[in-house]
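What follows is a single structure, written as structure tokens, with notes after it.
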Amino acid sequence: FNLDRSAYEFTAKSSDKEKSDTKAAILNKDFRQAITFGFDRSAYNSQAVGKDAATYSLRNTLVPPTFVSTSKGDFGSLVTENLKSYGSQWSDVNLADAQDGLYNKDKAKASIEKAKSELQAQGVSFPIHLDVPVEQTNEVQVQKVSSMKQSIEDSLGTDNVIIDIKKENHDDYYRTSFFAQSAEQEDYDISVASGWGPDYTDPSTFLDI
């Protein structure tokens, strides 16, 4: 998620109201959770590796769950225990690798309804349009983002959320995502252009990015 977007060179939004509504939605925790629970990561990954291998490389946390351990357990188990305080929807989430522990349409629908109630009270109009860029010549990436669009819109309903896929050329895609020199250059609402390797053995090497 781009939490404070200011660049709109590549967007499907047609008004300042749509821009401000999208920003308000993204800053709403229940809205972000709705997207999280409504996204079928296995289907997304299968576009690159096929259905049989789709879950093998899935991860449910930014930090690998077994990256570090304490006397009370590994990072994943500690986070799992703390997630319970976020609400009942997190009590049964499995953060282990190689499975999709987050995709749940019922939880997605409950979260979007709560978010919608809160946001409409603030004057936000639905549906929320989310720009997701993709490099137009990367066929696999286009298929993956199309799968992402399908699962999120199916889970939440297009009366609530619409994923607008923005196909960009190579240079534009990279300068506004991977190689953006500042936050102001990041031109998207959600980006799948990510990748990180740890520099040292502490969760902060991931979390501080």
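Residue indices begin at 1 and follow the sequence shown. Because the structure is a prediction, the values reported are computed rather than measured.
- Using the six-membered ring where Trp is involved, His170 and Tyr174 have ring planes that are tilted, between 30° and 60° apart.
- Side-chain atoms of Ser57 and Asn45 include a donor-acceptor pair closer than 3.5 Å.
- In summary, of the residues considered (Lys19, Lys166, Lys13), a side-chain hydrogen bond (donor to acceptor under 3.5 Å, both in side chains) with Asp189 occurs for Lys13 alone.
- A donor-acceptor pair is defined here as one N or O able to donate and one able to accept, closer than 3.5 Å; no such pair exists between the side chain of Asn169 and the backbone of Glu135.
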Checklist entry - Can you check side-chain hydrogen bond (donor to acceptor under 3.5 Å, both in side chains) on Gln141 and Tyr173, steps first, answer last? => result CA-CA 12 Å; Gln141 191 183 54; Tyr173 177 71; 2.9 Å; yes
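- Note on Glu186 versus Arg175: no salt bridge recorded, every NZ/NE/NH1/NH2 to OD/OE distance being 4.0 Å or above.
- Distance alone, capped at 3.5 Å, is enough to place a donor-acceptor pair between the Ser151 side chain and the Met148 backbone.
- Each of Asn2, Thr11, Thr22 was checked for a side-chain hydrogen bond (donor to acceptor under 3.5 Å, both in side chains) with Asp131, and the lone residue meeting it is Thr11.
- Take Lys23 and apply the salt bridge (Lys or Arg N to Asp or Glu O under 4.0 Å) test, not counting sequence neighbours, and it matches Asp4.
- For Phe39 and Tyr44, the distance between ring centers is under 6.0 angstrom.
- A side-chain donor-acceptor contact under 3.5 Å links Glu118 and Asn28.
- Side-chain contact annotation: Ser111 with Asp30, donor-acceptor N/O pair under 3.5 Å absent.
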